[in-house]
Amino acid sequence: SMDAKTQTEQRRLHIAIVGGGIVGLITAMGLLKRNISVKMYEQSRSFREIGAGVAFTANALQCMARLDQSIVDAVNAVATPNGEIADKPNDHLRWHDGFHWDPSDIQGTDDKLLFTLYSGYKGFQGCHRAHLLDELVKHIPSDVVDFGKRFVDCEDGGDDGQPMLVRFHDGSTAHADAVIGCDGIKSKVRQLVLGVDNPASYPHFSHKVAYRALVPMDKVERVLGTFKARNQHMHVGPGAHLPHFPVAGGTLLNVVAFADGLEDWPLGDTHGVGNMTAPATREQVADVFRGWGPTVTSIVALLPDNLDRWGIFDTYDHPAPTYVKGRVCLAGDAAHASAPHHGAGAGIGVEDALALCMLLEKVQGSVDRVDKCAAVERALRIYDRVRRPRSQWLVQSSREVCDIYEWKHPGTLTSWNKCLAEITKRSHKLWYFDIDGMMAELESGWADNAAP
Ligand code: FAD
């Protein structure tokens, strides 16, 4: 007969996470916190993030707190709140008419404030991606991560409770009781779950492009003034929009200029996804915003000579019909790559992480009663059922909210009250997510399923 220690070891779950991006990292931290064994396989030689901003909304921060308070601490260590300015209310998102109605107005009348939306206390704080990554990585023990491991495929170890066999590009293999694909927009795990010939296995071009840059704040402040420079603003107009917010302790302004991408953006062959970025120049951005108002044109003038143009891809055209196959599941962009117009792609991935950690903790706590494989499969089916509607709504609403910003959504056009009502409704659905409701749904799904 087994001694108690061996029994505990056998019961213990071992999870493989594919991809060490933000969702993979946060999921790993949540699992470790729950005493679940985890190994993360990252294709790169080290953790990498781009030099650009990311902001988190209230729902993301609350889910982080439930996953592991250290995640919130990491965000707080690098987050830049909107500037505290005595006589003006902060923590608001502001939409300005960035488009210059009357090009003959050579005085360059300043843009008009169209509407504002309260985002909650420290509601939408910008982080420098690389800085956030550095903070998060401090909490990941080095033996949890294997670098240079590009996931190729995995297979079931048979139905007698054997772990799954995971294969990597370098010919090496690993075992795990469940595989979580956090391998981002070009996910290879998604191809395994949905099939290589399924268009839903690949992201598609949204026909928007983004020019991204970080601009030194001292230059910005001279041109925009302190208030605009240090608080989030969104400049909107036909066919384009330009949000900006401070990051890196207010030393840098994160600028994203969205424009139409009329031509196709080729992905290479159907089974691979080519480069989603291409070199661009400030002149190209200036062409997009020619004739816009003075704020936008002066921000564009501050951009570096050379910057990157990002093709915005998402899963809108071909949504995943499921996030799960057996003991393999998808989370974050791998499951639901979204255009970034709600600024919530990473945030909704944090919700996925919480759902998975909660369910896998249930599995680990129950495997003395039920078979481990079957328990994992049940948990993942519940995850899929609970998470898919909301995360796919984000993909859809992100496209629609872009149309609202760009004055072409049929229901809102240039009626600012209607725009505000629509943006408020959608933002609140994201920000004031009923996390307890999600947990209760997961809980009752588990209770139903675990019944003999
Ligand atoms: P990624 O960050 O893409 O990580 C995937 C990881 O998997 C990478 O490290 C990759 O190397 C690895 N990988 C890939 N394939 C394999 C493989 N086969 N084997 C092993 N490893 C592999 N979201 C917000 O919440 N707020 C914002 O303000 C915001 N702004 C945005 C602005 C823009 C312009 C864009 C494009 C997106 C924005 N987003 C924002 C969305 C956010 O960036 C993504 O949702 C988030 O980065 C997804 O994280 P992830 O961990 O799922 O994927």
Side-chain angles (χ1 to χ4, degrees), residues 19-26 28-29 42 44 46-58 60-61 63-64 68 70-84 90-91 93 119 122-140 182 184-185 210-221 223-224 226 228-234 242-258 276-277 280 282 285 299 302-304 306-310 312 332-333 338 340-350 353:
I22 182 143
V23 177
L25 279 167
I26 283 172
M29 287 176 72
E42 166 57 45
S44 304
S46 63
F47 288 117
R48 279 199 304 213
E49 253 298 0
I50 55 167
V54 61
F56 294 103
T57 54
L61 284 160
C63 287
M64 286 171 182
D68 180 350
S70 309
I71 304 172
V72 180
D73 296 343
V75 171
N76 284 336
V78 298
T80 306
N82 275 323
E84 304 280 339
N90 63 356
D91 290 330
L93 306 183
S119 62
K122 294 189 175 182
F124 208 75
Q125 303 183 81
C127 304
H128 189 296
R129 285 177 188 255
H131 299 175
L132 176 61
L133 190 74
D134 290 345
E135 285 299 321
L136 288 173
V137 164
K138 287 180 189 166
H139 300 278
I140 306 283
C182 299
I185 188 163
Y211 302 87
R212 308 168 85 172
L214 295 171
V215 183
M217 186 59 91
D218 51 347
K219 288 193 193 171
V220 177
E221 221 163 6
V223 187
L224 295 190
T226 302
K228 248 184 208 169
R230 296 199 175 269
N231 288 277
Q232 288 221 14
H233 286 81
M234 175 85 85
L242 186 152
H244 58 79
F245 55 81
V247 296
T251 59
L252 295 169
L253 187 75
N254 180 58
V255 178
V256 191
F258 291 101
M276 290 178 170
T277 63
R282 183 183 54 239
V285 192
I299 293 170
L302 291 171
L303 296 176
N306 295 291
L307 67 173
D308 278 333
R309 190 163 107 107
W310 292 67
I312 302 296
D333 280 14
S338 163
H341 309 295
H342 270 299
I348 210 117
V350 177

Taking all atoms of both residues into account, what is the closest heavy-atom pair of Leu224 and Lys228, and its distance? O-CB, 3.6 Å
In chain order, what residues pass the side-chain hydrogen bond (donor to acceptor under 3.5 Å, both in side chains) check against Arg129, with sequence neighbours excluded? none
Over all atoms of both residues, closest heavy-atom pair of Ala346 and Ile22: CB-CG2, 4.2 Å
Hits for side-chain hydrogen bond (donor to acceptor under 3.5 Å, both in side chains) against Ser44, two or more places apart or cross-chain, chain-then-number order -> Glu42, Arg48
Give me the one residue out of Ile299, Leu252, Val215, Thr226 that meets side chain to side chain contact (heavy atoms under 4.5 Å, CB included) with Val220. Val215
Assess the residue pair Val255 and Tyr211 against the criterion (side chain to side chain contact (heavy atoms under 4.5 Å, CB included)); give the C-alpha distance rounded to whole Å, side-chain angles, the decisive distance to 0.1 Å, and a yes or no. CA-CA 8 Å; Val255 178; Tyr211 302 87; over 6 Å; no
If only atom types and distance count, is the side chain of Gln232 paired as donor or acceptor with the main-chain N or O of Phe124 below 3.5 Å? yes
Atom CD1 of Ile71 and atom NE2 of His139: how far apart are they, to the nearest 0.5 Å? 8.5 Å
Please find the pair of heavy atoms, one from Ala60 and one from Gly347, that lie closest to each other, and give the distance. CB-CA, 3.7 Å
Arg212 versus Leu307, closest heavy-atom pair with distance: O-CD1, 3.8 Å
Side chains of Val75 and Glu135: closer than 4.5 Å at any heavy-atom pair? no
Check whether Arg282 reaches the backbone of Leu303 with its side chain - one donor and one acceptor, N or O, closer than 3.5 Å. yes
Can you tell me how far CG of Leu253 sits from CE of Met217, rounded to the nearest 0.5 angstrom? 5.0 Å
Rounding to 0.5 Å, atoms CG (Leu133) and CG (Leu25) come to a distance of 6.0 Å
Whether Arg230 and Glu221 form a salt bridge (side-chain N of Lys/Arg under 4.0 Å from carboxylate O of Asp/Glu) is what I want to check. yes
Which value, rounded to the nearest 0.5 Å, describes the distance between Phe258 atom CZ and Ile312 atom CD1? 5.5 Å
Could you go through the side chain to side chain contact (heavy atoms under 4.5 Å, CB included) check for Cys127 and Thr80 one step at a time? CA-CA 6 Å; Cys127 304; Thr80 306; over 6 Å; no
Quick one: do Met29 and Ile140 satisfy side chain to side chain contact (heavy atoms under 4.5 Å, CB included)? Show the steps, please. CA-CA 7 Å; Met29 287 176 72; Ile140 306 283; 3.5 Å; yes
If you measure from CG on Asp218 to OG1 on Thr251, what distance do you get to the nearest 0.5 Å? 9.0 Å
Can any side-chain N or O of Asp333 pair as donor or acceptor with the backbone N or O of Ile185 at less than 3.5 Å? no
Shortest non-hydrogen pair, Leu93 vs Ser119, comes out as CG-CB, 4.1 Å
Which atom of Ile26 lies closest to which atom of Ala353, heavy atoms considered: CG2-CB, 4.1 Å
Is the backbone of Pro340 close enough, under 3.5 Å, to the side chain of His342 for a donor and an acceptor to pair up by distance? no
Can you measure from CG (Asn76) to CE (Met64) and round to the nearest 0.5 angstrom? 9.5 Å
Take Val247 and Gln125 through the test side chain to side chain contact (heavy atoms under 4.5 Å, CB included) and record every step on the way to the result. CA-CA 8 Å; Val247 296; Gln125 303 183 81; over 6 Å; no
